[in-house]
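Read the numbers this way: they start at 1 and go in the same order the structure lists the ligands and their atoms.
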Amino acid sequence: MSDFLSTLIGSPVAKRVGVPQPTRLRRYEPGTPLCDSPVLVAGEGRFAASLSESLRAAGLVTVGSVEEAIDTIGAVVLDLSSATDPEDLDALRVLGAPAVKRLRTNGRVVVIGTDPATLTDVTEVATQRALEGVVRSLGKELRRGATANLVLARGDASAGAWSAVGFFLSGRSAYVDGQVVRVDAGAGVDDDPVKPLDGRVAVVTGAARGIGADIARVLARDGATVVAVDVPSAGDALARVANEVGGTALQLDVTAPDTGTRIVEHAVSRHGGLDIVVHNAGITRDKLFVNMDEARWSSVIDVNLRSILRMNEALLGEGALSEGGRIVCVASIAGIAGNRGQTNYGASKAGVIGLVTALADQVRDRGITVNAVAPGFIETEMTARIPFATREIGRRMNSLQQGGKPKDVAEAIAWLSQPGAAAVTGQVLRVCGQSLLGA
Ligand code: NAD
C-alpha cells in the first residue's frame, strides 16, 4: 500500500477503532509446504484417490472427513468430477460446509469437475457447469485471505489436476481467487519442488521494473536462466535486474520488426536455447473513446498486441522455442471486463486473449503451451499513476479486499512455465483477488 489513505487505513489507530484490515496473504517461499494444516479430500470423483496420494507423498496430512482433523482445516479439495445430475451437487454442501467453517486463515477450497465442453448430455453439462457458480460465489463468501478455485478436467487428467491443485493450495496462488483452470489429459512430469525451472532459459519482456522485474526474479528463483528485455531508455534498471537474477540484459524495443530474431539469437548464443517466453511489456495511454487520438490508439495496440504476434513468428519459427516450451502473455482484466477510458488498452488485452486461445491449438503437437495471466489491480508504478479515488476503489473492490503484488502475477506465470503444467494451455488465468470487475 503506497499512498496516504492506505497508510491511514493500516495505521494502529485505525486498527484500534475497528477499520476492517485486509488479511496478510500467505505467499510462497521456497521450501515452505503447500499447506501446513490438514487437507480434507472428499467426493466421489475420478481424482480424489490419486490426489490424496500425491498430497501425502508431498508430505501433507490428508483427512477424509472433517471429524478426523483435530483443529483447523488448511484446505478442502472436493472432487465432483463424476457428478452427472443436479442432485449430486448437494455433496458439495454436505462435505464442504463443515470443513469450510473450520477453514484456517489463508485456507483454500479447490473443487474438481469435468470440463462441460467435453460432455454432450445436457443434464451432465448443466451439473458440471453449476460447479462454476458454486466456486465463484464461495470465493465471495470466504474471508481472512481464503480462496476458492475450480479445476476442470478434460478426460483422464490426473497429472494436470495434481499440478493445478498443487498451485492452488500453495502460496503461489495467493491472489488467485474464484478462478477456473481447465486441464488436458496426458502424462505428467514430477517437478522439482524447489527448482522446477532448473535448466530452462526464459525471456521476459518489460523486465526493468514492475511486474516484469518480479517475473524475472521469480523465474530465476525457480531455477531458470533469465534474459531480461526492455527499452534502451530503461537500460540501467534493466542491467540491475539482470545482474540481480544472474541473467543477461537485452535492450530492445518490442515493437521493432527484428525483435523476435534478436531474442532468439541472444538466447541461443548466450544460453544455448530458449524454453520460456513471457510477453509482459505493456503500456497504457488512456483517453475516452471520443477523444482518442491516433498516437494513443496505435502505440497501445502496437506494444501490447502486434509486437507479440510479430515476435511469436520468430520465436516459433524453425524450432527456436524448444519442444515443451512455454509462452505466457500478460493480459489484463480490462481485456475481459473493459474499462472506462481504455478502449485501446482493452482492445489490445482482449486481442492477447484471442491470440492465446488460437495459438495454443496450433503448437499443441510440439508440447508448447500458450497461456495468459490477466492481472487485476497490482501495486506498481503503472497503477500508482491512476487518480487517487479510482485507485483506492480498484485496490479494494475484490474478494481479498486489497491490491495484489507484482510477485503474485509472477508466481502464476512461474507455475504455467513449469514442465508439470503441460496440461494447461489456451487458458486465461486471472490474478485479481476475484475482482468485481468482470467477475
Ligand atoms: P510498468 O509500466 O511498471 O512496466 C512495464 C515495463 O514494460 C517497463 O519497464 C517498460 O519500459 C516496458 N516497456 C514498455 N514498452 C516497451 C517496449 N516497446 N519494448 C520493451 N519494453 C517496453 O507496468 P506493469 O504494471 O509492471 O505492467 C506489466 C504488464 O502487466 C503490462 O503488460 C500491463 O499491461 C499488465 N498489467 C498490469 C496491471 C497492474 O495493475 N499494474 C494490471 C493488469 C495488467
Side-chain angles (χ1 to χ4, degrees), residues 2 175 203-218 227-242 249-260 262-263 277-286 298-308 310-311 328-339 342 344-353 355-356 372-386 390-398 402-410 412-413 428-433 435 437-438:
S2 52
Y175 202 59
V203 168
V204 181
T205 68
R209 67 176 203 194
I211 295 172
D214 264 24
I215 298 169
R217 290 184 186 108
V218 168
V227 178
V229 175
D230 212 303
V231 285
S233 57
D236 289 347
L238 185 68
R240 276 195 296 277
V241 173
L250 183 58
Q251 294 185 10
L252 286 175
D253 183 330
V254 291
T255 62
D258 62 346
T259 296
R262 290 184 58 190
I263 286 175
V277 178
V278 184
H279 294 294
N280 162 78
I283 58 168
T284 50
R285 297 285 183 271
D286 297 359
S298 11
S299 57
V300 168
I301 299 288
D302 209 23
V303 175
N304 296 4
L305 178 59
R306 288 196 64 223
S307 73
I308 303 180
R310 243 191 327 257
M311 274 186 277
V328 189
C329 300
V330 180
S332 165
I333 54 169
I336 298 169
N339 206 13
Q342 291 198 321
N344 52 354
Y345 186 74
S348 71
K349 296 298 189 181
V352 164
I353 291 171
L355 171 170
V356 159
V373 294
F377 186 96
I378 306 295
E379 310 281 358
T380 64
E381 286 180 42
M382 191 186 256
T383 47
R385 286 197 301 269
I386 298 172
T390 319
R391 182 166 75 240
E392 204 49 38
I393 292 166
R395 181 177 275 151
R396 297 194 188 281
M397 272 186 35
N398 57 72
Q402 58 194 291
K405 296 195 172 178
K407 182 173 185 277
D408 299 329
V409 181
I413 291 171
V428 181
L429 179 63
R430 287 172 42 163
V431 184
C432 65
S435 165
L437 264 184

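Under 4.0 Å from ligand 1, the heavy atoms of Ile283 that appear belong solely to its side chain. Residue contacts with ligand 1, taken as heavy atom pairs separated by less than 4.0 Å, do not involve Ser233 at all. Under 4.0 angstrom from ligand 1, the non-hydrogen atoms of Val231 come from both its backbone and its side chain. Proximity of Thr380 to ligand 1, defined as any heavy-atom pair under 4.0 Å, is confined to the side chain (atoms from C-beta onward). In Glu379, neither the side chain nor the backbone holds a heavy atom less than 4.0 Å from any atom of ligand 1.
Within the listing of ligand 1, atoms 39 (C), 40 (O), 41 (N) sit less than 4.0 angstrom from a heavy atom of Ile378. Short contacts between ligand 1 and Tyr345, defined as distances under 4.0 Å to a heavy atom of the residue, involve ligand atoms 33 (C), 34 (O), 35 (C), 36 (N), 43 (C), 44 (C).
At a 3.5 angstrom cut-off on N or O pairs, Thr255 does not count as close to ligand 1. Below 3.5 Å of separation, one finds no N or O of Gly212 facing any N or O of ligand 1. Between Pro375 and ligand 1, no pair of N/O atoms sits closer than 3.5 Å. Looking at ligand 1, you won't find any N or O of Val229 less than 3.5 Å from one of its N or O atoms. Where the criterion is an N or O separation shorter than 3.5 Å, residue side chain and backbone included, Asn280 meets it with respect to ligand 1.
Using a non-hydrogen distance threshold of 4.0 Å, Ser307 does not register as a contact of ligand 1.
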